Amino acid sequence: MPTYSEEHKTFLKKRRRKKIIILICQFLIILFFLSLWEIASKTGIINSFLSSSPSQVVNTFISLLKQNNLWNHVYITVYETLISFVIASVLGFGIASLLWWFPTLAKVVDPYLTVLNSLPKVALGPLIIIWIGANMNSIIFMALMISLFITIINIYNGFQLVDYYYITLLKTLNASKRQIFQKLIVPSNKNIIINCLKVNISMSLIGVIMGELLVSKEGLGYLIMYGSQVFNINLVITSVVILAVVAYLMYLVISFIEKKIVQSK
Amino acid sequence: MKPILKIRDLKKNYQDLDGEVEALGGINLDVYEGELLSIVGPSGCGKTSLLSVLSNLENKSDGSIELGKETIKIGYMLQKDALFPWRTILENCLIGLEIQHNLTEETKNRVIQLLNTYGLGDFMNKYPSSLSGGMKQRVALIRTLAIDPDILFLDEPFSALDYLTRIYLSEDVYNIIKKEGKTAILVTHDLAEAVSLSDRVAVLSKRPAVVKKVYTINIPNKSTPIKNRKRKEFQHYYDLIWRDLDAHI
Ligand SMILES: Nc1ncnc2c1ncn2[C@@H]1O[C@H](COP(=O)(O)OP(=O)(O)OP(=O)(O)O)[C@@H](O)[C@H]1O
Ligand SMILES: [Mg+2]
């Protein structure tokens, strides 16, 4: 057990106090906001039919749990997101590698990639439904469209930015192209790849919700859509809150995995 | 002594959209086993190109390179250290062995021993960012030596360093090369460095480069590079080569 100087102890104490203050402030803000919302709708300042209230959200949540198998909707959304996340990540990495390997191919597809990436994918929604059908596949496909191209472009850019000097060094050691890829291109882009995965998980979720809004019969996006169609604002807001929690949890998981990967050098 | 490299009429042209750049205009040079040969020449005359062609990084345009043995393993130390920041010093030094599928307990121990001998043992498991410029350059040299090359190419290995570090490091490198008994070609634009370190100095003309003259540095009772600098013969060769280069600039 190392002994710390007084100065270091006060430093640590200050740090801890600051952390606690921040936590308390964050808690107070949400508490203030929720109470204001509750009071305003209870006293009739705002129309509780249109804007719901925290207690109604809780009630809706409980009844969703009891009657409408909420977990199934959450499961479906998470499942679709993960599938499209995995496909986009694997495919994106693979295609980026291919483009690095064949520079001429990269030049050929460059304008197509740019156009596909900048096209707002929502516009493809109706087409995708017509072609693939109103089912889970078209939702996953839509999410894929949203996350795939940006993954390819980001990873490929990272690959290209590797200093040519490092490649020359490996060539002086008689490295093959495969070795240059394994020993240099991938490890030097570890951070870019991890960041891409982080962006990818939110992109996939956006895509899945968009898809569910358009076509589905299950999932959080469907709950939101259904709620708005039957004018059940409680259901819409409850679903949005659940969605926010799910998104946050996914972010936590991916951050955790990131930390593990970064630690294992 | 027999040459380990016999270079005859070696030519190199670079092609680009604006046309052709003639870098090497017919190099004739022998490199002998165990010697330290310096190459000096005006800036941009083709010194790096010569090493690139010799080590097969670039294709030659014409001429021939004859090897003294069936195969010759080249260790090429580039101007910048190019250490991988995500690898430790030891891992950086082992990369050549990994690539050439030669990494065994034995070869690894040899590299560790090299690091220990040349004052880097304590830093073996650190990352390059914690090393000074001179130390990084030394790591780069050990990375080059790790594959046990028959001949070393050193392309201005000290040019990025400050004056003092440079003098002391060149002394170190000289000792390392001599102790490991390596043949070496050193490209430099520092005449004092060339004269004090080398057995011979080849002077190149301006682009397209040809070998203008080769000096054998004869300093009786030659000792370490730093001491060589104080000898009167040092000044003599320095002046000769200076005049050769001056005529081209
Ligand atoms: N890859 C390349 N493509 C086209 N031209 C090149 C290439 N490499 C070098 N050159 C040209 O060839 C000539 C010789 O270059 P080189 O780098 O061999 O000279 P150098 O003697 O090493 O120069 P320095 O003293 O600056 O290191 C230069 O005019 C350079 O512009
Ligand atoms: Mg050069």
Side-chain angles (χ1 to χ4, degrees), chain A residues 89 93 96-97 100-104 106-108 110 154-198 254-265, chain B residues 48-49 51-59 71-88 90-103 125-129 136-137 139-149 151-157 160 185:
Chain A
S89 300
F93 179 83
S97 308
W100 178 83
W101 199 282
F102 303 106
T104 313
K107 289 228 172 72
V108 171
D110 177 68
N154 283 343
I155 295 184
Y156 176 65
N157 276 345
F159 284 178
Q160 272 213 306
L161 283 180
V162 172
D163 193 342
Y164 197 79
Y165 207 74
Y166 285 127
I167 298 178
T168 306
L169 172 85
L170 290 184
K171 282 188 175 165
T172 67
L173 296 165
N174 284 325
S176 64
K177 195 158 191 174
R178 189 178 57 85
Q179 285 174 323
I180 291 175
F181 186 72
Q182 280 177 346
K183 306 248 179 228
L184 171 62
I185 303 297
V186 175
S188 70
N189 277 290
K190 203 170 89 176
N191 289 339
I192 288 181
I193 293 170
I194 290 174
N195 262 332
C196 246
L197 298 190
K198 264 172 131 174
I254 204 106
S255 297
F256 177 76
I257 294 173
E258 176 191 11
K259 236 182 229 158
K260 279 273 161 260
I261 295 177
V262 171
Q263 271 166 8
S264 72
K265 277 284 175 189
Chain B
T48 301
S49 302
L51 294 188
S52 305
V53 172
L54 289 179
S55 53
N56 255 328
L57 291 181
E58 297 277 357
N59 295 321
T71 57
I72 287 184
K73 199 189 269 181
I74 293 168
Y76 192 160
M77 179 176 169
L78 302 169
Q79 190 166 341
K80 288 188 274 174
D81 57 69
L83 297 175
F84 291 179
W86 60 90
R87 282 178 167 243
T88 63
L90 178 60
E91 286 165 351
N92 264 294
C93 290
L94 294 177
I95 192 159
L97 291 170
E98 277 174 37
I99 283 171
Q100 298 173 7
H101 306 291
N102 258 334
L103 185 58
N125 297 316
K126 298 235 158 65
Y127 289 88
S129 54
K136 284 187 200 163
Q137 230 32 30
V139 175
L141 178 63
I142 292 175
R143 177 183 58 197
T144 314
L145 289 170
I147 57 168
D148 199 17
I151 183 165
L152 279 171
F153 291 172
L154 310 168
D155 192 358
E156 309 204 20
I185 300 181

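So that the names make sense, note that chain A is the first sequence line, chain B the second, and so on, each numbered from 1. Note that this is a predicted model, so its numbers are computed, not measured.
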Donor-acceptor contacts, no H, no angles, side chain residues 92-100 of chain B, under 3.5 Å, sequence neighbours left out:
unit_1: B:Asn92; atom_1: OD1; unit_2: B:Phe84; atom_2: N; d: 2.8
unit_1: B:Asn92; atom_1: ND2; unit_2: B:Phe84; atom_2: O; d: 3.1
unit_1: B:Asn92; atom_1: ND2; unit_2: B:Arg87; atom_2: O; d: 3.0
unit_1: B:Asn92; atom_1: ND2; unit_2: B:Thr88; atom_2: O; d: 3.2
unit_1: B:Glu98; atom_1: OE1; unit_2: A:Lys183; atom_2: NZ; d: 2.7
unit_1: B:Glu98; atom_1: OE1; unit_2: B:Arg87; atom_2: NH2; d: 3.0
unit_1: B:Glu98; atom_1: OE2; unit_2: B:Arg87; atom_2: NH1; d: 3.2
unit_1: B:Gln100; atom_1: NE2; unit_2: A:Leu173; atom_2: O; d: 3.0

Show which side-chain atoms of residues 164-171 of chain A pair as donor or acceptor with protein atoms under 3.5 Å away, not counting sequence neighbours.
unit_1: A:Tyr164; atom_1: OH; unit_2: A:Lys171; atom_2: NZ; d: 3.0
unit_1: A:Tyr165; atom_1: OH; unit_2: B:Gln79; atom_2: N; d: 2.9
unit_1: A:Tyr165; atom_1: OH; unit_2: B:Lys80; atom_2: N; d: 2.7
unit_1: A:Tyr166; atom_1: OH; unit_2: B:Leu83; atom_2: O; d: 3.4
unit_1: A:Thr168; atom_1: OG1; unit_2: A:Tyr164; atom_2: O; d: 3.1

(request) For side chain to side chain contact (heavy atoms under 4.5 Å, CB included), just list the numbers for A:Asn191 and B:Trp86, CA-CA rounded to whole Å, side-chain angles, deciding distance to a tenth of an Å, and then say yes or no. (result) CA-CA 11 Å; A:Asn191 289 339; B:Trp86 60 90; over 6 Å; no
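Proximity to chain B is absent for every atom of A:Ser176, based on heavy atoms less than 4.5 angstrom apart. Using a 4.5 Å cut-off between heavy atoms, B:Leu57 touches chain A through its side chain atoms alone.
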